[in-house]
Protein chains: 2
Amino acid sequence: MSTTDKALSLLALFSHVCPEIGLTDLSKQSGFDKATTLRHARALLRSGLLEQNPDSRRYRLGAEILRLANLREGMFPLRTVAQPVVEALAQITGETVHFSARAGDTLGTVIAHTSAKTVRIVVEPGLLLPWHATASGLAFLSQLSSKEGERLVELSVASHPSLAQPDASFVKDAIQLASVRGFAVCADRLERGVAGVASVVFDSSGAPIGTLAVALASAQFDRFKEQSIAEHVVEATTDLSIKLGASPQHTAKRLRAGVAV
Amino acid sequence: MSTTDKALSLLALFSHVCPEIGLTDLSKQSGFDKATTLRHARALLRSGLLEQNPDSRRYRLGAEILRLANLREGMFPLRTVAQPVVEALAQITGETVHFSARAGDTLGTVIAHTSAKTVRIVVEPGLLLPWHATASGLAFLSQLSSKEGERLVELSVASHPSLAQPDASFVKDAIQLASVRGFAVCADRLERGVAGVASVVFDSSGAPIGTLAVALASAQFDRFKEQSIAEHVVEATTDLSIKLGASPQHTAKRLRAGVAV
DNA sequence: TAGTTTGGTTCATTATATGAATCGTGGGTT
DNA sequence: AACCCACGATTCATATAATGAACCAAACTA
């Protein structure tokens, strides 16, 4: 693990429940020495990736991130293109829909549209999804080599110690099923009571870049609903992939068996 | 300069004219050895801040940036709040308007709204603004200690070797004038033919966080226009600062003399 | 006012970053 | 089709930077 990796790992500590973190907490949560943490934080401060609340001196994500996001969106308008697709899928299914993208060794939610139902699943944008315990993660894994998939699952299991360890075969079976059906299903794993259906989005070079997922209360989830939601999810991912420049044939081939299994 | 600083400095090489960069170019532009550059790039790859075009193997800004941007926007909705203010200012003035935020030692454009005029100034979001050669930079400097201002100007001059060096007194005088008037004006510095009028935005703790600026063709710029645009810019920055939670009195005091000088 | 927590600093120790030389390969040219 | 060149990527001895236990000052708490 390089020095830069350590410094950048501080960024992963911020979340919607923890948007501002002091030096001591930063040090405790990251496991680094306080002096080391300070130096890392200062490097991130200099680059603008973090900034410091002038009152509390606590750290928060910096404005440079917004600039970089604009820059990226200008050249590769992932957000802009995915937003309407997410909304359309939310409209059709009436459930919470989120679009997540792979970033390095993690899968992070980029867009989330919460349903208006009484029992609603709230997905905060910016949420990191474990590879082995979400429909999105499992769907994505089905498009990777088993070697890389195993590496990611290992990382994911290690960084989510609170989750029940998956049976040796669960992940393998889920991936196998997903690669046959073109979508993955996952219920009561990351959180009890939540079920998800997800399928993979490809970019213009045919590489998997993210997932579209529908999340709903598992109490309201059954085989009939699975069937109908999966159809819409697969359709939406195909649509989004094509809008991102992927070839329709390729996308169809990757998600080949469709929902008719 | 720490290792992390070096690695993160690679991010600053990306721009709207250069959205994808290969290893060799990355190495040349950063001045690091190719092997070193590769290791830095790989660290950024692991964190998701960069990603690699699977076809060309060139590097581009990664999807993690979008996730972090959402996270930040959720806790401190700078973009969301500033967007309508930028648009209102663009509407009133009929000129190009941009909102830029300080990030570490740089000033970067977060939102840009291009005018619909025949002679239009196009500001790309993500553009880095030199402190010493833009209205935004000079306005912001007028709210910093002279020690910090000098440090930033030095950095800025060093990283924009193509710009004409400012006279010893130009920056000092411009800052002095800006601190009296509450807005800064800068014409034909960063680019010949472009004039700008900018004023500073404050956050809820009273610290300066960015600037609103109007950019127009310097050929269409005169003292009368300066007066009318400055009034609108100052009004817009006050409005935005208050929407961000700044106290009206404080903001007014900081921009005290208003436009009536 | 005494105690406790927080952000921040120091310096000897140790681990990591660095870059010249090198390799393999895919794209472009003749 | 054969060539070359430029590019991405790797190696390993060397040099440089990261590390953390102890320490300090200031702000908050009781």
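All heavy atoms count here, side chains included; hydrogens, waters and symmetry mates do not. In what follows, chains are A, B, ... by sequence order, proteins preceding strands, each numbered from 1. Only a predicted model underlies this, so the values are computations on that prediction, with no experimental measurement involved.
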- Query: Mapping A/Lys28 and A/Asp33 to their closest nucleotides on DNA chain C, which lands nearer the 5' end?
  - Reply: A/Lys28

- Query: Hey, which of these two, B/Asp55 or B/Lys6, hits DNA chain C nearer its 5' end, going by closest nucleotide?
  - Reply: B/Lys6

- Query: Under 4.5 Å between any side-chain heavy atoms of A/Val110 and B/Asn70, yes or no?
  - Reply: yes

- Item | Close side-chain approach of B/Arg102 to B/Leu144, heavy-atom, < 4.5 Å | yes

In whole Å, I'd like the distance from the [atom1] atom of [X] to the [atom2] atom of [N].
X       : N      : atom1 : atom2 : answer
A/Leu45 : C/dG7  : CG    : C1'   : 13 Å
B/Arg57 : C/dT25 : CZ    : C1'   : 8 Å
B/Leu23 : C/dG24 : CG    : P     : 18 Å
A/Lys34 : C/dC11 : NZ    : P     : 18 Å
B/Arg58 : C/dG26 : CZ    : P     : 18 Å
B/Phe32 : C/dA20 : CZ    : P     : 14 Å
A/Met1  : C/dA17 : CE    : C1'   : 16 Å

- Item | Nucleotide nearest A/Ala35 (side chain, heavy atoms from C-beta), chosen from C/dG19, C/dT10, C/dG7 | C/dT10

- Query: Which residue pairs pass the side chain to side chain donor-acceptor pair (under 3.5 Å) test with at least one member in residues 29-48 of chain B, sequence neighbours excluded?
  - Reply: A/Asp5-B/Arg46

- Specify the residue among B/Thr24 and B/Arg39 whose closest nucleotide of DNA chain D lies further upstream toward the 5′ end. B/Thr24

- Tell me which of B/Gln52 and A/Thr36 sits closer to the 5' end of DNA chain D, going by the nucleotide each one is nearest to. B/Gln52

- Task: For the pair B/Glu73 and B/Thr80, evaluate side-chain hydrogen bond (donor to acceptor under 3.5 Å, both in side chains) and give the outcome as yes or no after the intermediate values.
- Result: CA-CA 8 Å; B/Glu73 198 61 15; B/Thr80 313; 2.6 Å; yes

- Min and max contacting nt of DNA chain D in 5' to 3' order, chain B heavy atoms within under 4.0 angstrom, are D/dC7 to D/dA18

[atom2] on [Y] to [atom1] on [X], rounded to 0.5 Å:
X        : Y        : atom1 : atom2 : answer
A/Leu68  : B/Ile65  : CG    : CD1   : 4.5 Å
B/Asp25  : B/Leu13  : CG    : CG    : 10.0 Å
A/Trp131 : A/Leu107 : CH2   : CG    : 4.5 Å

- Output yes when at least one side-chain N/O atom of A/Ser2 is less than 4.0 Å from OP1 or OP2 of C/dT16, else no. no

